[in-house]
Amino acid sequence: MAGIKDVAAEAGLSVATVSRVLNGHPSVSEDARRRVTAAVERLGYRPNAVARSLRTDQTRTLGLVISDVMNPYFTELARSVEEEARALGYSVIIGNADERPDLQDHHVTTLLDRRIDGLLVSPTDGGSPGMLGAARAGTPMVFVDRWIPGVDVPVVRSDGRAAVRDLVAHLHALGRRRLAIIAGPAATTTGRERVDAFREALGAHGLELPDAYIGQGDFQAGSGRRVTEGFLDLREPPEVVFAADNLMALGALDAIRARGLRVPDDIGLAAFDDIPWFVHTDPPVTAVAQPVRDLGRAAVRALVDRIEGRPGESVTLPARLVVRRSCGEGDAGIESPSPVRRSTP
């Protein structure tokens with residue numbers, strides 16, 4: 001592999017001049033710049049990013065620690081983050097925490113050891129020691145999707161309360177009264193917030209959320225299957241199950257079909273976090289959609305602001321309800337509330 005000395009020999013210039021050209025120093029002549037550029041192309045020279053980072057104290061690299069790479073929501077978020085970072089001249093290294101605080105800390109430590117310029121994190125819980133330590137040490141950091149109350153870090157997230165209210169109003173209009181939820185982990189802000197929003201929305205229609213209709217999940221499909229099996233075993237099963245994320249919704253669908261039941265004839269199903277797959281299920285799933293791509297872009301911009309010495313601002317974007325046919329909409333023929341976008345499969 002060609003080195004900087006090879007580039008200097010090929011260009012007929014000193015190593016110091018080549019170094020100044022590669023680092024964008026304004027004192028070099030246009031002729032020297034052309035000669036170095038031509039030599040670099042002929043030799044296929046690639047600058048050593050680690051060595052450059054030691055000189056400039058920047059690697060132009062961001063770290064992204066996501067909660068579960070198998071979750072389509074986080075896959076799309078990671079793609080959006082990578083695209084926006086690349087547009088701003090940064091690369092991204094991704095770590096998958098798999099909803100485990102210890103693995104989250106492992107990735108945070110590894111990324112910091114690699115001298116990343118800043119860190120995007122979707123926390124798996126109320127705060128693992130390594131992540132909290134990095135935040136308190138002043139590492140440029142932004143929380144995305146989830147956050148930790150009391151930690152002074154910008155948060156980029158969506159607000160699903162209005163969309164959950166729209167969902168409950170929609171179900172109420174369909175005549176559904178017994179509504180249950182598969183909750184996410186109580187240690188996460190999104191897990192708690194979605195249950196609270198659902199309970200508040202039910203209360204606005206004079207409905208309660210009995211303990212038997214709250215099932216504790218973990219944002220993964222297996223828990224959605226397990227919780228739904230418990231709902232179906234009740235003397236009076238719910239009329240609709242609302243899964244607080246897409247993977248738990250797919251698990252719920254598995255449990256319903258394993259009993260020989262049909263959605264929505266025997267039980268309705270709705271989900272938080274819309275995904276492309278939902279239009280291909282039978283029936284297509286009614287879901288709360290988050291603006292995932294906008295969240296990823298906003299998170300990168302907030303982090304780059306912090307890295308470059310500007311105040312990174314928190315951003316909250318609204319979620320929306322997408323009505324399909326998994327709650328009996330086709331049979332009822334009732335229009336959705338006005339804030340809701342109706343889609344067709």
Side-chain angles (χ1 to χ4, degrees), residues 65-77 96-104 122-128 145-147 158 160 163-164 167-168 171 178-199 202 209-234 236-261 263-264 266-278 281 285-290 292 319 326-327:
V65 181
I66 55 177
S67 305
D68 183 3
V69 74
M70 295 298 291
N71 187 321
Y73 168 83
F74 286 112
T75 304
E76 186 176 358
L77 180 70
N96 172 36
D98 201 26
E99 299 291 356
R100 289 171 45 192
D102 63 318
L103 197 50
Q104 174 177 271
S122 178
T124 61
D125 65 355
S128 55
D145 183 63
R146 308 174 187 176
W147 67 100
S158 70
V164 172
L167 171 64
V168 172
L171 298 175
R178 300 194 310 276
L179 311 179
I181 184 169
I182 308 173
T188 63
T189 48
T190 48
R192 297 191 300 272
E193 186 179 69
R194 291 169 194 177
V195 173
D196 291 344
F198 191 61
R199 181 181 285 109
L202 289 171
L209 183 60
D211 290 343
Y213 283 2
I214 305 174
Q216 189 61 59
D218 60 6
F219 286 144
Q220 296 184 336
S223 67
R225 189 179 306 112
R226 171 181 50 78
V227 170
T228 303
E229 288 169 351
F231 288 155
L232 296 174
D233 287 336
L234 294 173
E236 193 172 42
E239 295 172 293
V240 176
V241 172
F242 173 46
D245 93 320
N246 50 60
L247 291 183
M248 294 192 298
L250 293 174
L253 189 59
D254 284 346
I256 292 167
R257 289 176 172 170
R259 296 287 182 99
L261 303 175
V263 175
D266 301 302
I267 187 169
L269 177 65
F272 203 104
D273 283 343
D274 194 20
I275 53 175
W277 306 345
F278 283 163
T281 59
V285 177
T286 290
V288 171
Q290 298 194 74
V292 188
S326 60
C327 298

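For the single chain, residues carry numbers from 1 onward in sequence order. Computation of the quantities below employed the complete heavy-atom set of this structure, encompassing side-chain atoms and omitting hydrogens, waters and symmetry-equivalent molecules.
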Exercise. Which atom pair, heavy atoms only, marks the closest approach of L234 to P238?
Worked result: CD1-CD, 4.4 Å

Exercise. Hey, does L247 have a side-chain heavy atom less than 4.5 Å from the side chain of P72?
Worked result: yes

For this session: Check whether any side-chain heavy atom of R199 lies under 4.5 Å from a side-chain heavy atom of I214, and answer yes or no.
Result: yes

Seminar exercise, completed: Closest non-hydrogen contact found for V227 with G215 is CG1-CA, 3.5 Å

For this session: Show the numbers, then the answer: is there a side-chain contact (heavy atoms from CB on, under 4.5 Å) between F242 and V168?
Result: CA-CA 10 Å; F242 173 46; V168 172; over 6 Å; no

Problem set entry | Side chain R226, main chain Q216, donor-acceptor under 3.5 Å | yes

Seminar exercise, completed: Output for pair (F198 CZ, L202 CG), nearest 0.5 Å, gives 4.5 Å

Seminar exercise, completed: Residues F272 and A244: closest non-hydrogen pair is CB-O, 3.5 Å

For this session: Show your reasoning for whether side-chain contact (heavy atoms from CB on, under 4.5 Å) applies to L250 and W277.
Result: CA-CA 10 Å; L250 293 174; W277 306 345; 3.4 Å; yes

Exercise. If we only count heavy atoms from C-beta on, is the D245 to R194 side-chain gap below 4.5 Å?
Worked result: yes

Exercise. Where do T188 and P123 come nearest, in terms of heavy atoms and distance?
Worked result: CG2-O, 4.5 Å

For this session: Could you check I256 against D266 for side-chain contact (heavy atoms from CB on, under 4.5 Å), going step by step and ending with a plain yes or no?
Result: CA-CA 9 Å; I256 292 167; D266 301 302; over 6 Å; no

Seminar exercise, completed: Residues at least two apart in sequence or cross-chain that pass side-chain hydrogen bond (donor to acceptor under 3.5 Å, both in side chains) with S158, listed by chain then number, are Q290

Exercise. Quick one: does F278's side chain get under 4.5 Å of I275's, heavy atoms only?
Worked result: yes

Exercise. Would you call R100 and D98 a salt bridge, taking side-chain N to carboxylate O under 4.0 Å as the test?
Worked result: no

Seminar exercise, completed: Rounding to 0.5 Å, atoms CD (Q104) and CD (E99) come to a distance of 9.5 Å

Exercise. Is the backbone N or O of A186 less than 3.5 Å from a side-chain atom of R192, with the two atoms forming a donor-acceptor pair by type?
Worked result: yes

For this session: Check for a donor-acceptor pair, side chain of N96 on one end and backbone N or O of V69 on the other, with a separation under 3.5 Å.
Result: yes

Seminar exercise, completed: Rounding to 0.5 Å, atoms CG (D68) and OG1 (T75) come to a distance of 8.0 Å

Seminar exercise, completed: Correct closest heavy-atom pair for G160 and A319 would be CA-CB, 4.0 Å

For this session: Check whether any side-chain heavy atom of L232 lies under 4.5 Å from a side-chain heavy atom of I267, and answer yes or no.
Result: yes

For this session: For S326, enumerate each residue passing the side-chain hydrogen bond (donor to acceptor under 3.5 Å, both in side chains) test, keeping only those at least two apart in sequence or located in another chain.
Result: none

Seminar exercise, completed: d(T124 OG1, D218 CG) to nearest 0.5 Å is 12.0 Å

Problem set entry | Partners passing side-chain hydrogen bond (donor to acceptor under 3.5 Å, both in side chains) against R257 (at least two apart in sequence or in another chain) | none

Exercise. Is a donor on one side and an acceptor on the other found under 3.5 Å between the side chain of R178 and the backbone of P237?
Worked result: yes

Seminar exercise, completed: In short, I182 meets T228 closest at the heavy-atom pair CD1-OG1, 3.4 Å

Exercise. Is there a donor-acceptor pair closer than 3.5 Å between any side-chain N or O of S122 and the backbone N or O of D145?
Worked result: no

For this session: Taking T189 for its side chain and W147 for its backbone only, find out whether a donor-acceptor pair lies under 3.5 Å.
Result: yes

Exercise. Side chain of R146, backbone of T190: donor and acceptor closer than 3.5 Å?
Worked result: no

Problem set entry | Verdict with supporting geometry, Y213 and L179, side-chain contact (heavy atoms from CB on, under 4.5 Å) | CA-CA 7 Å; Y213 283 2; L179 311 179; over 6 Å; no

